[in-house]
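Just below is one structure, and these are the notes that go with it.
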Amino acid sequence: MIELNGTALAYDDLGDGSSVVLLHAGIADRRMWRHQIAVLAQHHRVISLDLRGYGDSELSEQSFAHHDDVVSLLDALGIERAALVGCSFGGAVAIDTALAHPDRVTALALFGSAVSGYEWSDETNELWESLVGEVDDEDFDAAAEAEVRFWVVGPSRQPADVDPALRELAQEMDRRALTAEAALGNVEVRELDPPAIERLAELRVPVLVGAGAADVPDIPRLADTIAAQVPGAVRLPDVPDAGHLLPLERPAPVNDALLRFLP
């Protein structure tokens with residue numbers, strides 16, 4: 001744990017070499033990177049962070065920005081510049097960090113990434129209704145089961161198609177994430193303004209972007225958008241039989257891509 005910007009943030013720090021920061025999905029915490037840390041730490045200094053309010057990190061009452069927390073952690077650890085690897089919401093935080101603090105980021109690797117300011121399509125909203133329907137937001141167990149069905153299993157698969165251990169871990173992480181998001185609703189979270197969806201062409205670092213073929217349709221489309229708008233971005237082929245937590249579900253192609261890409 002480390003005290004930063006009025007709160008305590010949890011992180012792991014392993015290995016030596018050029019620095020890499022792993023930023024988790026909004027339905028997860030830093031445990032989703034369990035298959036990447038040891039592999040990357042053979043060549044890099046790897047920091048996996050629980051974003052404020054998630055996992056083991058605490059939440060203060062003062063306003064904050066996730067992208068500023070990332071840079072404050074780099075400052076505290078004496079890291080001048082780092083590559084950022086993000087999944088889903090963590091990808092959005094990574095992009096925002098690169099836009100808000102361009103001198104601190106060497107590269108972006110984005111898997112199933114969200115982008116700040118992006119509005120989900122009607123198709124995605126309709127998929128939620130057809131796959132999940134009404135869920136009591138205050139019942140975190142039911143909400144976590146629903147979100148795992150939607151995001152981790154995805155619209156083209158059935159729960160039985162996905163490793164039960166993966167679904168169990170995803171639900172456990174998401175229960176904690178839902179608690180975090182409920183608490184975050186009472187705190188001012190400062191957003192990037194203008195949002196990243198309007199500014200992707202401003203990115204001037206190497207960018208790698210990929211998605212799971214079984215993810216909801218908006219996610220591969222967002223990957224296409226990032227690749228089309230960011231100068232020189234590399235778009236990986238969609239990974240077959242993989243949902244939203246791509247690095248956790250299919251670590252081999254993710255690890256191979258990262259080892260080739262990271263500076």
Side-chain angles (χ1 to χ4, degrees), residues 1-4 8-52 54-58 66-67 69-98 101 103-113 152 163 165-166 169-170 172-173 176-177 205-212 234 236 239 242 244-263:
M1 299 286 283
I2 189 168
E3 292 286 336
L4 288 177
L9 300 183
Y11 71 100
D12 297 313
D13 187 348
L14 185 69
D16 295 297
S18 59
S19 296
V20 178
V21 178
L22 307 178
L23 300 170
H24 61 80
I27 61 171
D29 54 50
R30 72 188 194 276
R31 288 176 291 172
M32 68 159 289
W33 300 108
R34 58 175 54 184
H35 300 304
Q36 282 71 51
I37 292 173
V39 172
L40 295 178
Q42 297 177 43
H43 308 279
H44 303 276
R45 182 180 180 183
V46 182
I47 296 98
S48 55
L49 170 67
D50 276 343
L51 293 165
R52 189 186 297 226
Y54 291 87
D56 296 321
S57 288
E58 297 177 358
H66 287 295
H67 51 270
D69 279 351
V70 173
V71 170
S72 293
L73 179 63
L74 296 181
D75 289 341
L77 298 179
I79 296 172
E80 183 176 349
R81 304 179 76 208
L84 306 183
V85 179
C87 177
S88 186
F89 174 63
V93 173
I95 294 169
D96 285 357
T97 305
H101 306 278
D103 57 327
R104 307 303 298 275
V105 178
T106 59
L108 294 172
L110 309 168
F111 298 98
S113 186
V152 179
D163 181 1
L166 171 65
L169 173 60
E172 199 276 319
M173 289 192 295
R176 296 183 68 177
V205 295
V207 173
L208 180 73
V209 59
V234 175
L236 296 169
V239 177
H244 199 51
L245 296 184
L246 174 58
L248 182 60
E249 185 176 9
R250 298 284 179 256
V254 170
N255 292 349
D256 289 347
L258 287 173
L259 289 173
R260 291 193 304 269
F261 173 72
L262 290 173

So which heavy atom on Ala41 is nearest to which on Val46, and how close?
N-CG2, 3.6 Å
Less than 4.5 Å apart, any side-chain heavy atom of Pro247 and any of Trp33?
yes
How far apart are the closest heavy atoms of Ser113 and Ile95, and which atoms are they?
OG-CD1, 3.9 Å
In the structure I gave you, are the side-chain heavy atoms of Val209 and Val234 within less than 4.5 Å of one another anywhere?
no
Quick one, Leu246 and Met32 - any side-chain contact, counting heavy atoms below 4.5 Å?
no
Please give me the minimum heavy-atom distance between Ser57 and Leu9, naming the atom from each residue.
OG-CA, 3.4 Å
Who are the side-chain hydrogen bond (donor to acceptor under 3.5 Å, both in side chains) partners of Arg176, not counting sequence neighbours?
Asp56
Hey, are the side chains of Leu108 and Leu208 touching, using non-hydrogen atoms and a 4.5 Å cut-off?
no
Please tabulate, for side-chain N and O atoms in residues 12-23, each donor-acceptor pair with protein atoms closer than 3.5 Å (sequence neighbours left out).
residue: Asp12; atom: OD2; partner: Arg30; partner atom: NE; Å: 2.9
residue: Asp13; atom: OD1; partner: Arg45; partner atom: NE; Å: 3.1
residue: Asp13; atom: OD2; partner: Arg45; partner atom: NE; Å: 3.2
residue: Asp13; atom: OD2; partner: Arg45; partner atom: NH2; Å: 2.6
residue: Ser18; atom: OG; partner: His44; partner atom: ND1; Å: 2.8
residue: Ser18; atom: OG; partner: Pro263; partner atom: O; Å: 2.8

What do the steps show when you test Leu258 against Gln36 for side-chain contact (heavy atoms from CB on, under 4.5 Å), and what is the final call?
CA-CA 9 Å; Leu258 287 173; Gln36 282 71 51; 4.2 Å; yes
Just jot down the side-chain hydrogen bond (donor to acceptor under 3.5 Å, both in side chains) partners of Asp163, sequence neighbours excluded, or say none.
none
Rounded distance (nearest 0.5 Å) linking atom CD of Glu249 with atom CG of Leu169
12.0 Å
What is the distance from atom CG of Leu77 to atom CD1 of Ile2, rounded to the nearest 0.5 Å?
5.0 Å
Looking at side-chain heavy atoms only, is the closest gap between Ile27 and Val152 below 4.5 Å?
yes
Does any non-hydrogen side-chain atom of Thr97 lie less than 4.5 Å from one of Arg104?
no
Going through the distances and angles, do Val70 and Asp96 end up as a side-chain contact (heavy atoms from CB on, under 4.5 Å)?
CA-CA 10 Å; Val70 173; Asp96 285 357; over 6 Å; no
Under the 3.5 angstrom rule, does the side chain of His67 hit a backbone N or O of Ala98 as a donor-acceptor pair?
no
With a 4.5 Å cut-off on side-chain heavy atoms, are Cys87 and His24 touching?
no
Write down the atom of His35, the atom of Pro251, and the distance for their closest heavy-atom approach.
CB-CB, 3.4 Å
Met1 side, atom CE; Asp50 side, atom CG - distance, nearest 0.5 Å
8.5 Å
Run the side-chain contact (heavy atoms from CB on, under 4.5 Å) test on Leu51 and Asp69 for me, step by step, so that the C-alpha distance in whole Å, both residues' side-chain angles and the decisive distance to 0.1 Å come before the verdict.
CA-CA 8 Å; Leu51 293 165; Asp69 279 351; 5.9 Å; no
Do Phe111 and Val239 have side-chain heavy atoms sitting under 4.5 Å apart?
no
Taking side chain to side chain contact (heavy atoms under 4.5 Å, CB included) as the definition, give me every residue that meets it alongside His43, ordered by chain and number, with sequence neighbours left out.
Leu259
Determine yes or no for a side-chain-to-main-chain donor-acceptor pair under 3.5 angstrom, with Arg250 supplying the side chain and Gly212 the backbone.
no
For a quick test of reading the model, state the closest non-hydrogen atom pair linking Gly26 to Ala177 and the distance between them.
O-CB, 3.3 Å
Closest non-hydrogen atom pair between Arg81 and Asp103, with its separation
NE-O, 3.2 Å
Partners passing side-chain hydrogen bond (donor to acceptor under 3.5 Å, both in side chains) against Glu58 (at least two apart in sequence or in another chain)
none
List the residues meeting side-chain hydrogen bond (donor to acceptor under 3.5 Å, both in side chains) with His66, not counting sequence neighbours, and say none if there are none.
none
